[in-house]
Amino acid sequence: MSASPTLAPAAGVISLSGITKAFPGVIANDDISLDILNGQVHCLLGENGAGKSTLISILAGMQFPDSGSIAIDGVPVTIGSPKAAMKFGIGVVHQHSTLVPSLTVLENLMLGEGGLMLKEKRAASRLEELSGLLGASIDPNILASDLALGQQQQVEIAKAMWTGSRLLILDEPTSMLTPSAIESLGESMSRLKAEGLGIVFITHKLREAYTMGDCVTVLRGGRKVGELTPERMKSLTEAEAQAEILRAMFGDDLAAAGSIESAAELAGATEAAPEASRVDVTGRPVRLQVAGVTSVGKSMDVSVTDISFSIHEGEIFGIAGIDGHGQAGLAEVLSGQRAIASGTISLEGADITRLGVRSRQEKGVRYVTDDRLHEGTVGNLSVAINLLLKRIGMAPFWRFGQINKTAVNDEAKRLITQYTIRTPSPSTRVGTLSGGNIQKVLLARELGHGARVVVVNKPTYGLDLKSVRLVHDLLRAFAADGGCVVLISTELDELIELSDRIGVISRGSIVGTVQNDGGPDVAERVGHYMIGGRAHDND
Amino acid sequence: AGRGTAPANTSAKSDFTTVTIVTPATESDHGWNQMGLAGAKAAAKATSLTLTSDTNVGYDNTQTILTQAAQKSGVGFVIAHASGFGQAAASANAKTGVPFLITDVPTAQVKDKIGVITFSAQQGGYLAGIAAAMTTKTNKLGIAISADDVNWFTMSGGFIAGAKSVNPSIHVDVAYIGAAAYDDSAGGKKVVQQLIAAGDDVIFGMGDGATVGYVAAVDEANQAGNKVKYIADIGDVSDLVTNPNEVLTSVLWVFDGAYSQAINDIKAGKFATAPYNLDLKNGGIKLQKTADMTSDITAATTKAQKGIEDGSITVPDTSTKADLTALLNG
Amino acid sequence: MLASIGETVGEQSGVLNLGIEGMMLMGAYFGYVVALTTHSTWLGMLGGLLAGAITSLVLLVLNVWLGLNQIVLGIAITAAGGGITTVLYDQIYSKTSPRIPTDNWKVPGLSDIPVVGHSLFSQPAMFWVSLLLAVIIAWFLVRTNWGLSIRAAGQKPSSLDAAGGSVMRTRSQAVLLGGMLSGLGGAYLSVLATNAFTPFMTNGLGYIAIVVTMLSRGKILRVVIVSLLYGLTIAVGTVLQLTSLDVPTDLITMLPYIVVMIVLLIFGRDVNNSPVLGAPYTRGAR
Amino acid sequence: MTTTDTSTESPDGITTEITPLEDEAELVTSRSSSGRRAIDIVVRSIVPIVLALIVAALILLALGKNPLQFYGAIIENGLVGQNWENSLVMMTPLLLVAIGLIVVFRGQLWNLGYDGQFLLGGVVVAGLAPQLIAATSPGIAYLVLTLAAIAVAAAWTIIPAWLKAFFGTNEIITTIVMSTIGVGLTNILIEYVFQNPAVRTPQSRAIDPGDMLPYIPGTQVPIGLIVALLVAVIFQFVLSRTSFGLRLDVFGSSAKAARHVGINSRTMTIVLFLISGGLIGLAASMDIFGQWGYMRTNWNPSYGNAIMPFVFLARLSPVGAIPFIAFYSVFATGGTIAAQESGVSVDFLQIVVALILVFMTVTEYVGTKRDLGQSYLPDELKDAMRKPLNALTGRMRK
Ligand SMILES: Nc1ncnc2c1ncn2[C@@H]1O[C@H](COP(=O)(O)OP(=O)(O)OP(=O)(O)O)[C@@H](O)[C@H]1O
Ligand SMILES: Nc1ncnc2c1ncn2[C@@H]1O[C@H](COP(=O)(O)OP(=O)(O)OP(=O)(O)O)[C@@H](O)[C@H]1O
Ligand SMILES: [Mg+2]
Ligand SMILES: [Mg+2]
């Protein structure tokens, strides 16, 4: 039932037993018991909605369990609020950033402190101390919004440790980071571990779990379905460990997902190996031509400058880069959501630079946004309407401006079946669907009815292995049918797996393009540009 | 287009039991509403009718309220006691046939239907101006006006003329609180403080709720050592001040006679053949007697009153702000 | 000005209080009642402050705690404030409209300073008190943990929550403070400025306070400056009147608003309020 | 009904907060649940009014007044005799203003400048109608001046709309400021431009009663009411059945989503404000042509404030607003005299309106929480209450 009673010498232990937490319609945590030991990295794995975040938010005092108990060093405790969690020395780095962008680093760190006066001096010296531990140096007076993503994460960790944590919880910290940043995060974690802290580490990537974790707990459907003790972890090879984890994660579903090997491969669990059967598209006609495009934008973060590339029919053009370097700007420029200051965009030879979102949409330029909850869908409208969101007013769904409910409903049902969207009915509010299914709604909407070029931004962000595989299949099938894909992603593995060519974006410009020839050095070449190398060769 | 004529049974009846008065604000304004109600009470008593009243109805829903007031059982006459009620009273009369008495607009008079009450307020203002000019030590007078209201313009005009009749070189300041600041006591106080600061030592204040602010400013100034007198209008404000001496006088408006006259005219079938005017002659307008009204002053005002009544003195009739400003500057 | 300072604190914490007008009226009325019955200006001011605070409890409970719509509640509070005070006043005082006896309100001690003392501290004592309050509150906002929490609650409440602060407590304090200051501002009108209460005597000052707040963009110092400027336009208006020019009275009443609009059109375009202004915070909402 | 084994049934009848309801969302809702939803909506709409009336009655009792007499007088003065006609007359502008607000509120824009817009629209009609009727005919005047009123009131929203659309300036404040300016401007126009020279009070010339909008046959209710009802039906259709209505809902739900879908949020903002102002101008025209015939300074019926709660109670549905507005019209028509007769200030009505607003939000809250099966108290509050409780029980155990 509970975690194996390994007693690390002289280390404290936080034990959860029988934790149950239900939300309307779902049991997010179902009778979960586990021990978290000091001086260990405890990995928490599971598909989307398995209940990982819920479990740690209970530890963090953000949620209350319906039943079950928590004991620290054998003493039962109630963690009633984030403040209480802090008192017990539990620090959390949440899945989404909790820094206040308009405050300075120091102010962010002092936030939530007791006492009347701000103690800036003490805070500054404490930050210095922590910086040493994390191996990072950060200007305490810079605004949080001016920090690079990796730095923000370091501040978050520093903040989590602010109250002298004994347990650090990291919820999907790597999903936003570059490979090198992930590496340095790993180093920070080992240093903290050496200091005697316990760490809970949540990730969707099995390789990270294996390399960084000491032990693993797997959740599925809110239940604990598997665990690897430190001893067992050590005794297994990486492939064996992954196989075991995958079996626990997906159980019988695995048969449906194909062999263990392919599932793991798709999830980026093993070295990405592009398909050998990649077809050469360079001979085909150019479909999308972007020439010297510069966007109108206020801050460096979002605008793009002088971007040029062209994509052939059936090609997947990957855009790699550190998050926040103009990816969103590029996507919006292509989709018509952002005005262009100079340059031209043409589709199959026709100039579309001046066209707005709707005209481009009609011409077959589609955009799957990375903000699927607030931008891509309208949560309180039905699935059916969301599926037709970009065809509002068009025949046959609207006639003389009036909606034709039967037509809308039929089309929705068709798409729901075609893309296997799991929803109780077309009239269900889309906001109540799971992340993976919302992503399917977006893809169903954008890929069908005459799509010529589709821009997808981080299409698998936050999705679990199964959903990732599904999205990849859809994109590949779209390209195979002659569609063009601009695939923007921060996951290098994903880019290498899918793309024909990979452009690297940095500070709003494409600094180099790499032909994905299947060679082993593709990742390295992309990485070279990402770190700041300039293009000498252009292909 | 256009709507049909009013229902047939709409001529004035003479055998009614009840008269009703509708006022925009409450009785507690020490002015217009208070005096109107008092007048209606007196008139109802004099003509042995029952009086009902709808006070504090504001200005925004008058059409309905006047109609409703006329539709109550037994009501045969409605006094629409506000300058803004005229048009609504006409519609209500068209709907119900009950005669209305409205204020200020002689041209709106319709025999048997719409009677009009008018004011020779400038006459009262003139007398007050004399009293003020004879009282001031600084030779500076102040007028505070709470709203763009015709009676307040005419009364102020009369005041200026009266004061200048005593001392042509006398200085008069006019200050406005706002276009409709009838009840803005804070604004009233500020304005009067400014007048006092400018050296004015007799203040003539016109306003409903704003009066409270005027009086407060005068009261405070006197406690701080100034010697300022206040002249009220329409009603009596002496219970508002710490020391009754601070009130020099008030231009009282007495509606009793006009209302009784109107009721009797209805009964006699000759309602609204002429405006019902309040002036010095018929006692509708008069100066309040106070201890401060010395025999000199009383003599002067009585003399002026005679002059006005016999036509030897003509009081200017400044019914707009422009007229008033012109009078003040020229 | 007092009200704007209160509103600023509230808005910094992410609560848009459209009910200021109602709170000021409550402060004005109850300040008046207390001053009238106790014959003490100080107690009257305190009464106004408490009345404002109590009125703000409506917003506090229904909005901050239960997360109900701020705009609707603000309008409700304004309506109720006007209604309650008028009904009570009509019921109790309208027959007599009693005035609060004037005891020239002095800052104890200070006004005895020869020459300067009297002119500086007797009449506009409240002005100095407000200024002092402004400085204190500005200092609190910048220098204390409490101020930091308020700012965070307005920028990103989830962060404050995650950091172990309480969004609810912080916003509650801000709303309460806003209510107190509004009530105090109202009481100033009745107890000190007029010595009397008249229905609806705030005359839209509450909305002016909101506008001032918006123009000041969260900086208390600017609130003071903008308030003074506003006072100046009013004074200019009155001066215009005293010069006996034939300026429509309405124009003078409109002046401050026109100035606001012009300022907005020219400078204030990118008025960036708290990003979550008006949005209730519920922990873990998705 | 379509695919698969979805584990959880989505909670039905969710209408979060005061978001617009979408008919489209009811596409395939089963009959029983839509019936339950209808009942639910009715309950949630009526309960606040009932609660407010009860509390108002208690307040009256506390003041030593007889609430039964008060409510009786309201019914008598609002319904009995010819009073129902008076109520219907009042309903005309109220309903039109309500629709004007519904349109912008659905887009999550707050046009609180209705007073200034209404008065400016009204002053154009009142100021020009007498001459125009004399020069042409009433029919032409109705048409021309109604269009003029619509244009003027709509124009008064342009600055706030522009500031909002291009700079994101908070429209709540700008509309309030513009409203105040509009009210002042109206007064100036009446005094200096449209002043009736025959009258000594500042007011415009009056339209001859015979030239006012004709009555609905058999009543003394001007046909403006029919216009208002028609507009309600048209807008109901537009908002719930057309692509524009859907775009509006998307825009109202999320500005980001609107941009994504290709809705130009600037155009949308400005269009919504113009429609809102235009409807308020139409309300002014119908009110002046139908009821008043003239305008005087400082007249401000502030219809917008009065109907605010009902706009929300009707869940931003134009047709849904009709019964509520009718209720309020009776209430207000009878209320002034009722208050008078009961001896309370007319402003007591404001308290009732405020109470309805408060109870409305509370009912909404309770309802939403119940739908979601959530606890009525936020976690943090529960936590705060749990602590002393735990301490107490702890002590008792010892
Ligand atoms: N905020 C919410 N309110 C109501 N129901 C919700 C809410 N969030 C999720 N649900 C319900 O929980 C179900 C599961 O959602 P979840 O995101 O966990 O799915 P999932 O299993 O992770 O699917 P996927 O793998 O596609 O992401 C949803 O279908 C939905 O009905
Ligand atoms: N506040 C909430 N209200 C309703 N349902 C919720 C809420 N939070 C989580 N859930 C549901 O609880 C389940 C577990 O969610 P949780 O966020 O813990 O999953 P997770 O394992 O962290 O998934 P992911 O990998 O997507 O982060 C999901 O079905 C989710 O929809
Ligand atoms: Mg999920
Ligand atoms: Mg999670």
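Proteins get letters first, then strands, A, B, ... in listed order; numbering begins at 1 in each. Side chains are part of it too, since the values below use all heavy atoms of this structure and drop only hydrogens, waters and symmetry mates. Fair warning: this is a prediction, and the values are worked out from it, not measured in the lab.
Between D/Phe312 and D/Trp110, the ring planes lie tilted relative to each other; the angle falls in the 30° to 60° range. Ring-plane geometry between D/His260 and A/Tyr367 is classed as perpendicular, the angle between the planes exceeding 60 degrees on a 0 to 90 degree scale with a lower cut at 30.
Of the atoms belonging to D/Phe244, not a single heavy atom falls under 4.5 Å from chain A. For chain D, no part of A/Arg414 is nearby; none of its heavy atoms comes within less than 4.5 Å. Proximity to chain D involves both the backbone and the side chain of A/Thr369, based on heavy atoms less than 4.5 angstrom apart. Looking at A/Ser359, neither its backbone nor its side chain comes within 4.5 Å of chain D, counting heavy atoms on both sides. Contact annotation for A/Asp371: only side-chain heavy atoms (C-beta onward) come within less than 4.5 Å of a heavy atom of chain D.
Other residues, nucleotides and ligands place more than 12 heavy atoms under 6.0 Å from the NE2 atom of A/His449.
Side-chain contact check for D/Ser276 and D/Asn111: at least one donor-acceptor pair (N or O, by modelled atom type) lies under 3.5 Å.
Counting heavy-atom pairs closer than 4.5 Å to chain D, the top residue among A/Arg358, A/Glu332, A/Gln361 is A/Arg358.
For the residue pair D/Leu316 and D/Arg106, the shortest heavy atom distance occurs at O-NE, 3.0 Å.
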